[in-house]
Amino acid sequence: MKIATFNVNGITARLPRLLEWLESTRPDVACLQELKTSDETFPVDALRDAGYGAIWHGQKGFNGVAILARDAEPQERRRGLPGDPDDTHSRYIEAEAHGVVVASIYLPNGNPQPGPKFAYKLAWFERLREHAASLFDDPRTVVLAGDYNVVATDEVGDIYSPRSYKDDALLQPESRAAWQRVLDQGWTDAIDSLHHGKPIYTYWDYFRNRFSRDSGLRIDHLLLNAAAKARLEQAGVDRDVRAQEKPSDHAPAWILLSD
DNA sequence: ATGCCTGTCTGGGACAGA
């Protein structure tokens, strides 16, 4: 079983790339982030024609998350994280599909820091940690996939060079500590666990030839509970998607689980 | 030193992204 996560940076502008990628890689479950579209304008028909059922939580202009399932309808478990009824951002959706519990996560960016956006990021991270605790203990396979907007370390396995990002919210000690507190529940970072130390990035800024220089960051992650970790066979990034015409600034990341 | 690109909403320029 293949499970993937892809920050599409606008599903309307990215629909041709998304459909090509679904057809060529055929993930069983795909988590999408940054839809940048309202619920009413989500391209459900095009995805159904491609063989995917979908649930989504859209938002006009920015944010937005979805879960796709090949030849199946994802069964929605939750939209939005508990803990803050005043949070209006569409950043979390959770479903069961093909016997696996999956969350699609778009963690707040947090820039500029310090400031209210950074405080929101850290608060959201804490709400995620509290919710994730119960999911880790689920005996079923659970995968928390998405754009976490955190670079785990300054090492080359996580970022090409920390120098130009040193003041960025993604690299701050508070962001890293919040990430570590989630991992401390027992979650496995799938790509890191199979490719530790290797420069396998998922995001390259659009400008300064960052992709052609492979000046990337690894910020899209798939976290596995114990049942999922026991099934982990492969993990990778479809970096060729980032080299296409009119690409997202992120590439899809994926795992392969045993049946 | 700097959103240097890109998408969205909108109808030109602001905002958001990382």
Side-chain angles (χ1 to χ4, degrees), chain A residues 5-19 21 31-43 46 56-66 87-92 104-122 124-125 128 146-176 178-179 199-221 237 239 241-253:
Chain A
T5 181
F6 186 14
N7 179 322
V8 294
N9 189 17
I11 196 170
T12 306
R14 211 67 57 217
L15 192 57
R17 296 290 86 77
L18 174 61
L19 294 174
W21 171 70
C31 299
L32 308 180
Q33 301 87 32
E34 273 206 90
L35 306 178
K36 292 187 172 181
T37 198
S38 62
D39 282 338
E40 294 75 21
T41 48
F42 183 84
W56 60 95
H57 192 195
Q59 187 168 354
K60 189 175 183 178
F62 62 117
N63 300 327
V65 286
D87 184 2
T88 57
H89 290 201
S90 298
R91 297 184 175 274
Y92 186 92
S104 182
I105 291 167
Y106 180 43
L107 206 129
N109 168 300
N111 282 307
Q113 72 80 27
K117 292 189 175 183
F118 192 57
Y120 173 65
K121 173 183 194 148
L122 298 179
W124 203 96
F125 228 139
L128 176 64
D147 177 358
Y148 283 78
N149 271 321
V150 61
V151 174
T153 75
D154 284 348
E155 301 300 312
V156 74
D158 294 306
I159 185 169
Y160 71 103
S161 165
R163 188 162 58 94
S164 61
Y165 281 91
K166 69 178 176 55
D167 295 325
D168 194 286
L170 280 64
L171 274 66
Q172 295 315 300
E174 297 92 335
S175 306
R176 289 172 167 171
W179 167 250
I200 297 178
Y201 305 132
T202 65
Y203 166 85
W204 302 260
D205 213 321
Y206 282 122
F207 50 66
R208 288 174 168 158
N209 297 313
R210 286 267 166 83
F211 181 65
S212 60
R213 296 162 182 260
D214 198 23
S215 298
L217 287 61
R218 193 171 67 86
I219 56 175
D220 299 271
H221 306 299
V237 173
R239 58 174 288 132
V241 174
R242 182 64 177 78
Q244 304 291 327
E245 288 294 312
K246 302 287 281 182
S248 170
D249 41 5
H250 295 249

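Every chain is numbered from 1, with letters handed out A, B, ... down the list of sequences.
- Using a 4.0 Å heavy-atom distance criterion, A/Y148 is classed as making no nucleic acid contact.
- At least one donor-acceptor pair under 3.5 Å links the side chain of A/K121 to the backbone N or O of A/N149.
- Rounded to whole Å, the distance from CG on A/N111 to C1' on B/dC15 is 14 Å.
- Among the atoms of the strands shown, only primed sugar atoms or phosphate atoms (P, OP1, OP2) are found under 4.0 Å from some heavy atom of A/N149.
- Within the nucleic acid shown, A/N7 comes within 4.0 Å of sugar-phosphate atoms alone, with no base atom in reach, counting heavy atoms only.
- A/R91 places a side-chain heavy atom less than 4.5 Å from the side chain of A/P108.
- For A/W124 and A/H89, the ring centers are positioned 6.0 Å apart or more.
- Separating the OH atom of A/Y106 from the P atom of B/dA16 is a distance of 12 Å, rounded to the nearest angstrom.
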Please write out each protein N/O paired with an N/O of nucleotides 7-9 of chain B under 3.5 Å, distance rounded to 0.1 Å.
from: B/dG7; atom 1: OP1; to: A/R14; atom 2: NH1; distance (Å): 3.4
from: B/dG7; atom 1: OP2; to: A/K246; atom 2: NZ; distance (Å): 3.2

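- Counting to the nearest Å, the P atom of B/dT2 and the OH atom of A/Y165 are 14 Å from each other.
- Note: CD (A/E34) to P (B/dC15) measures 18 Å, nearest angstrom.
- Applying the side chain to side chain contact (heavy atoms under 4.5 Å, CB included) rule to A/Y206 yields the partners A/N9, A/R14, A/R242, A/D249; only residues at least two apart in sequence or on another chain are considered.
- Under 4.0 angstrom from either OP1 or OP2 of B/dG17 there lies at least one side-chain N or O belonging to A/R91.
- Per the geometry, NE2 belonging to A/H250 stands 14 Å off P belonging to B/dT6, to the nearest Å.
- A/Y148 and A/F125 have tilted rings, their planes meeting at an angle from 30° to 60° on a 0 to 90° scale.
- In this structure, the CG atom of A/D167 is 9 Å from the P atom of B/dT2, given to the nearest Å.
- Within 4.0 Å of A/N209, counting heavy atoms only, lies no atom of the nucleic acid at all.
- Across all strands shown, B/dA14 pairs with B/dT8; the Watson-Crick or G-U wobble distances both stay below 3.5 Å.
- In this structure, A/Y203 atom OH and B/dT6 atom C1' are separated by 10 Å, rounded to whole Å.
- Inter-residue side-chain proximity for A/N7 and A/Y203 is flagged as unmet; no heavy-atom pair is nearer than 4.5 Å.
- Taking the P atoms as reference points, B/dG13 lies 25 Å from B/dT2, given to the whole Å.
- Atoms CG (A/D249) and P (B/dA16) sit 17 Å apart, rounded to a whole Å.
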What's the verdict on side chain to side chain donor-acceptor pair (under 3.5 Å) for A/T153 and A/D158, showing C-alpha distance, side-chain angles and the deciding distance? CA-CA 6 Å; A/T153 75; A/D158 294 306; 2.5 Å; yes
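- Using a 4.0 Å heavy-atom cutoff across all strands shown, A/K117 reaches sugar-phosphate atoms only and no base atom.
- The separation of B/dT8 from B/dG3, taken at their C1' atoms, amounts to 16 Å, rounded to a whole angstrom.
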